[in-house]
Amino acid sequence: MSEKSLLGRIAAWLVLAVLVIGGGAGAWQITSRLLDRTDGLLRYVRVDSWTVNAAQQELQWFLNLIARHAAGDPAADPAALRSRAARLKSTLRLLTSAAPQSDLFTYADVAETAESVLVDLEKVDRALAGLPREAGSPSLLATVDRLLSPHAEELTALAGSIAHTRLQLQDRDIGTMIGLVGLNRIMLLVFFGVAGCFTLLLSVEAVAARRAESEARAGERRMRHMAEHDSLTDLANRDQFHAVMADRLADPGRSTALLLVDIDGFNEINDVFGHEEGDAALVEVGKSLRALARGSELVARLGGDEFALLLNGDAGTALTRAKAVTELFAAPIETASRSHRLAASIGVAMAPIDGQTLDALLKAADLALYAAKARGHGQIARFEAAIGDAFIRRKTIEAALETGAFVAGLTLVFQPQVELATGRLVGAEALMRYVDPALGAIRPDKFVAIAEQTGHITALDQHILEAACREALTWRGALAEGVIAVNLSPIEFLRGDVVASVQDVLARTGLPPHRLELEITEGVLVEDAQAVRSVLERFRALGIEIAIDDFGTGYSSLAYLSDLPVDKLKLDRAFLSDIETDHGRRVIVRGAMTMAHEMGLRTIAEGIETESHRRLLEAFGCHQGQGYLFSPGLPSADFQHFAERHRSTALEPCA
Ligand code: C2E
Ligand code: CA
Ligand code: CA
């Protein structure tokens with residue numbers, strides 16, 4: 001309430017209070033006056049005519065007794081006379097003492113008359129004192145008669161006059177009283193009327209004020225809701241989410257799970273069906289997510305297609321709940337006009353274990369989400385330190401690729417390839433290594449995918465190809481005609497001018513094409529059959545051999561491969577892991593080898609780690625082998641030493 005309206009309200013209540021007090025005091029005053037009048041009337045009704053009449057009666061009896069005394073009545077002896085005189089006196093004194101106490105008692109003659117009767121009575125008294133005992137004294141009669149008879153008439157007249165005055169007074173007082181009662185009634189009417197109006201006005205004003213106040217409060221609530229909620233989904237917004245999270249983190253004894261939910265491929269809805277449809281889908285997703293929250297748990301939209309859930313419970317419960325979120329997307333999301341098949345990636349971080357501050361926890365959940373997304377659609381990842389490491393590594397690699405520092409840190413190792421039947425060293429596969437100034441040596445499975453995603457793989461492959469070709473030209477002795485195998489990324493292979501750039505490298509370095517073997521993964525072959533065939537044919541025309549890497553992990557069939565201009569199959573190392581114990585594996589590998597040979601393809605097995613691997617593959621007719629049994633990838637100088645030493649041992653029988 002404003003200060004002004006508060007002052008107005010106080011003033012109004014003050015006026016009402018003055019009215020109530022003033023009106024009450026007025027009514028009280030009038031009522032007291034009425035009571036006074038009533039009291040006055042009662043008072044002189046009590047005193048006046050009855051007392052005067054009594055005095056007149058007494059005086060008459062006294063005069064009668066005097067007369068009987070004068071006539072010699074023995075009963076009217078002086079004692080009886082004195083006693084009568086005494087009673088007469090006390091009655092008269094009553095009249096003199098009954099002085100008017102009320103201002104309404106105006107008949108003052110009573111006291112005066114009684115006074116004069118008393119004076120004359122004194123004289124009579126004195127005359128009585130000298131009387132003989134027996135009755136009969138005519139002189140006394142004359143004296144008394146002279147003195148008191150006029151008073152008897154006076155009192156009679158007075159009584160009459162009083163009665164008359166009393167009637168007059170009564171009439172006047174009753175008139176006054178009726179007037180006062182009327183006035184009181186009018187005053188009360190006015191007072192109640194004004195007070196009633198005032199009360200009504202104040203009540204109306206109070207109701208209006210209450211309504212205005214509740215409207216203001218509702219407005220405030222609406223404003224606060226808007227400030228704390230996302231306008232599209234009505235879920236908590238980022239600000240409220242941060243506030244609630246900070247609140248929860250303030251209690252370190254409480255376990256809280258943070259789930260960051262990102263809708264996979266959501267942008268496609270926006271792109272294909274427009275933003276309105278995208279918004280409608282987000283609203284539906286928001287509704288479904290909200291339905292999962294219990295009690296004090298919070299669901300927020302952080303922006304775009306990213307949502308967050310703050311849940312209670314331990315890590316186990318959090319993963320179960322995350323699973324429930326991914327299961328929400330098992331059914332299509334239905335908007336008014338369409339239905340969309342979506343999936344959600346979820347990063348899970350636990351407070352306080354994974355982060356004790358808002359930033360730390362958010363970062364942990366973010367990293368987990370990032371890891372989940374890296375695994376594909378609809379995946380859940382719980383934060384772990386390794387995820388942080390992976391993230392840092394990825395960021396470092398991305399930055400190095402961006403600045404060109406990566407190529408500078410790139411080196412090659414060479415892994416020997418051996419003819420299984422003779423043990424002869426036939427060449428090597430070039431494998432790249434990156435040595436980061438901060439993180440040290442990093443293997444390609446950690447950076448090839450990043451280089452492919454960021455489009456830097458072409459530069460790396462070109463760099464490696466050229467370095468590998470130059471290395472092969474340094475080989476001497478038995479290796480002087482050795483073959484260098486170089487990996488080509490599928491992205492690089494499908495690039496339009498890959499053949500030209502390989503040809504360019506051969507021309508620059510001077511390596512004969514038959515000494516270069518390109519390894520491409522089986523998966524590439526199923527991409528665009530026509531384009532693949534054309535590239536393969538051009539490589540064959542140049543005299544460059546093509547090996548199908550990781551054979552057995554892709555989807556191609558041997559029949560399909562036989563139709564393509566490829567030279568060599570490189571059996572994936574996964575087939576060797578339990579080949580000694582797994583009979584089924586052995587049957588498959590032997591079958592693949594037999595068919596490959598029948599189709600005129602040469603074969604090499606990678607991942608040969610044990611002598612029994614080597615023996616088995618040799619028995620299956622596999623031509624070549626590569627693996628830790630012979631050597632891991634070696635830096636240039638080490639590889640040369642290996643080649644030197646191998647020459648002598650290779651001559652010995654290998655079986
Ligand atoms: P890949 O072409 O299949 O290379 C063979 C991988 O198996 C190498 O890992 C090698 O070190 C490893 N290996 C060799 N012998 C054994 C063995 O006996 N046991 C086991 N367990 N592993 C063995 P590396 O060097 O980490 O390379 C990983 C992958 O990175 C390669 O798989 C290849 O796909 C890619 N890569 C390596 N160098 C290049 C390159 O220059 N260009 C491109 N595009 N990709 C490359
Ligand atoms: Ca390879
Ligand atoms: Ca391989």
Side-chain angles (χ1 to χ4, degrees), residues 393 397 401 406-407 409-418 420 427-435 440-472 483-495 498 501-502 505 516-524 545-554 566-580 603-614 616-617 622 624-636 638-639 642:
R393 191 169 54 230
I397 290 168
L401 284 168
F406 197 88
V407 176
L410 215 51
T411 60
L412 274 179
V413 294
F414 302 90
Q415 187 173 31
Q417 295 184 335
V418 175
L420 289 180
E429 179 182 3
L431 295 165
M432 58 181 165
R433 298 282 178 269
Y434 169 65
V435 182
I442 300 177
R443 292 184 76 102
D445 53 349
K446 298 278 188 283
F447 64 78
V448 166
I450 301 172
E452 284 176 345
Q453 286 156 15
T454 55
H456 290 93
I457 193 72
T458 298
L460 302 192
D461 274 358
Q462 290 297 312
H463 177 86
I464 294 301
L465 181 66
E466 186 160 343
C469 290
R470 291 194 194 285
E471 176 71 20
V483 171
I484 179 82
V486 179
N487 293 284
L488 262 197
S489 146
I491 290 180
E492 177 64 2
F493 182 79
L494 292 171
R495 199 163 58 92
V498 63
S501 58
V502 170
V505 169
L516 176 64
E517 187 175 274
L518 292 176
E519 294 191 1
I520 57 167
T521 54
E522 192 187 355
V524 175
E545 295 214 327
I546 301 290
I548 301 303
D549 205 354
D550 304 339
F551 176 72
T553 58
V566 296
D567 307 286
K568 198 172 179 182
L569 287 190
K570 192 168 190 183
L571 186 73
D572 192 73
R573 65 177 180 271
F575 284 97
L576 271 69
S577 57
D578 45 10
I579 197 162
E580 291 122 319
T603 50
I604 179 167
E606 68 178 357
I608 296 189
E609 294 182 350
T610 62
E611 186 51 35
S612 79
H613 283 162
R614 195 197 66 77
L616 266 175
L617 281 148
C622 182
Q624 297 173 353
Q626 175 184 344
Y628 294 160
L629 174 68
F630 310 110
S631 166
L634 300 169
S636 170
D638 294 353
F639 177 70
F642 175 86

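Whatever order the structure lists ligands and atoms in, that order sets their numbers, starting from 1. Along the sequence shown, residues carry numbers from 1. Predicted model only: the values in this text are computed from it and were never measured. Only this structure's heavy atoms are used, side chains among them; waters, hydrogens and symmetry mates stay out.
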Closest approach of [X] to [Y] (non-hydrogen atoms, all atoms of both residues):
X      : Y      : result
Leu420 : Cys622 : CD1-O, 3.5 Å
His613 : Gly607 : ND1-O, 3.8 Å
Phe575 : Gly552 : CE1-CA, 3.6 Å
Leu412 : Ala467 : CD1-CB, 3.7 Å
Ala430 : Val486 : CB-CG2, 4.5 Å
Thr521 : Pro490 : OG1-CG, 3.7 Å

Using heavy-atom distances, let me know which of [options] sits nearest [atom].
atom                    : options                        : answer
atom 15 (N) of ligand 1 : Arg573, Gln415, Glu492         : Gln415
atom 46 (C) of ligand 1 : Asp445, Asn487, Thr521, Leu576 : Asn487
atom 41 (O) of ligand 1 : Val448, Ile464, Thr458         : Ile464
atom 1 (P) of ligand 1  : Leu412, Leu460, Asp549         : Asp549

- Item | Donor-acceptor pair, side chain of Glu609 and main chain of Gly627, under 3.5 angstrom |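 Not confirmed, Glu609 side chain does not pair with Gly627 backbone.
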What is the closest protein heavy atom to [atom], and at what distance does it sit?
atom                    : result
atom 8 (C) of ligand 1  : Leu431 CD1, 3.8 Å
atom 28 (C) of ligand 1 : Pro444 CG, 3.8 Å
atom 40 (C) of ligand 1 : Met432 CE, 3.4 Å
atom 16 (C) of ligand 1 : Tyr628 CE2, 3.4 Å

- Could you tell me whether some N/O pair between Gln626 and ligand 1 is separated by less than 3.5 angstrom?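 No - when backbone and side-chain N and O of Gln626 are compared with those of ligand 1, no distance drops under 3.5 Å.
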- Message: Between ligand 1 and Gly627, is the shortest N or O to N or O distance under 3.5 Å?
- Response: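 No, Gly627 has no N/O under 3.5 Å of an N/O on ligand 1.
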- Message: Out of the candidates Ile604, Leu576, Asp550, Ile548, only one should pair with Leu571 under the side chain to side chain contact (heavy atoms under 4.5 Å, CB included) rule; please name it.
- Response: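 Single pass found, and it is Leu576.
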- Message: Could you go through Val448 and Leu460, starting from their C-alpha distance and side-chain angles, then the distance that decides it, and tell me whether this counts as side chain to side chain contact (heavy atoms under 4.5 Å, CB included)?
- Response: CA-CA 9 Å; Val448 166; Leu460 302 192; over 6 Å; no
Per-atom contacts of ligand 1 with [X], taking only distances under 4.0 Å to non-hydrogen atoms:
X      : value
Ile608 : 18 (O)
Arg443 : 9 (O), 11 (O), 24 (P), 25 (O), 26 (O)
Glu429 : 2 (O), 4 (O)
Ser489 : 44 (N)
Glu609 : 17 (C), 18 (O), 19 (N), 20 (C), 21 (N)
Asp550 : 3 (O)
Asp461 : 42 (N), 43 (C), 44 (N)
Glu606 : 3 (O), 5 (C)

- Report yes or no: does a heavy atom of Gly607 sit under 4.0 Å from some atom of ligand 1?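 Gly607: in contact with ligand 1 (<4.0 Å).
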- Task: Consider ligand 1: state whether an atom of it lies below 4.0 angstrom from any non-hydrogen atom of Arg433.
- Result: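 Arg433 counts as a contact of ligand 1 under the 4.0 Å cut-off.
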Output the distance between atom [atom1] ([X]) and atom [atom2] ([Y]), rounded to the nearest 0.5 Å.
X      : Y      : atom1 : atom2 : answer
Glu519 : Leu431 : CD    : CG    : 8.0 Å
Asp461 : Met432 : CG    : CE    : 5.5 Å
Leu516 : Leu465 : CG    : CG    : 6.0 Å
Phe551 : Thr603 : CZ    : OG1   : 10.5 Å

- Item | Test salt bridge (Lys or Arg N to Asp or Glu O under 4.0 Å) applied to Arg393 - qualifying residues, sequence neighbours left out |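 Counting only residues at least two positions away or on another chain, Arg393 forms no salt bridge (Lys or Arg N to Asp or Glu O under 4.0 Å).
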- salt_bridge(Lys570, Glu517) N-O dist < 4.0 Å: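 Salt bridge absent between Lys570 and Glu517.
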- Check the Ca ion (ligand 3) and write out every protein N, O or S atom at under 3.0 Å, as residue and atom.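 Only Asp549 OD1, Asp550 OD1, Glu606 OE1, Glu606 OE2 fall inside 3.0 Å of the Ca ion (ligand 3).
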- Task: Return the orientation label for the Phe406 and Tyr434 ring planes: parallel under 30°, perpendicular over 60°, tilted otherwise.
- Result: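 Taking Tyr434 first and then Phe406, their aromatic rings lie parallel (interplane angle under 30°).
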- Item | Contact bool for atom 34 (O) of ligand 1 (protein heavy atom, d < 4.0 Å) |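 Given the 4.0 Å limit, the answer for atom 34 (O) of ligand 1 is no, no protein heavy atom qualifies.
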- No-hydrogen, no-angle side-chain donor-acceptor test under 3.5 Å, Gln417 and Glu606: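 No, Glu606 and Gln417 have no side-chain donor paired with an acceptor closer than 3.5 Å.
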- Of all N, O or S atoms in Glu429, identify the one at the shortest distance from the Ca ion (ligand 2).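 Sorting the N, O and S atoms of Glu429 by distance to the Ca ion (ligand 2) puts OE2 first.
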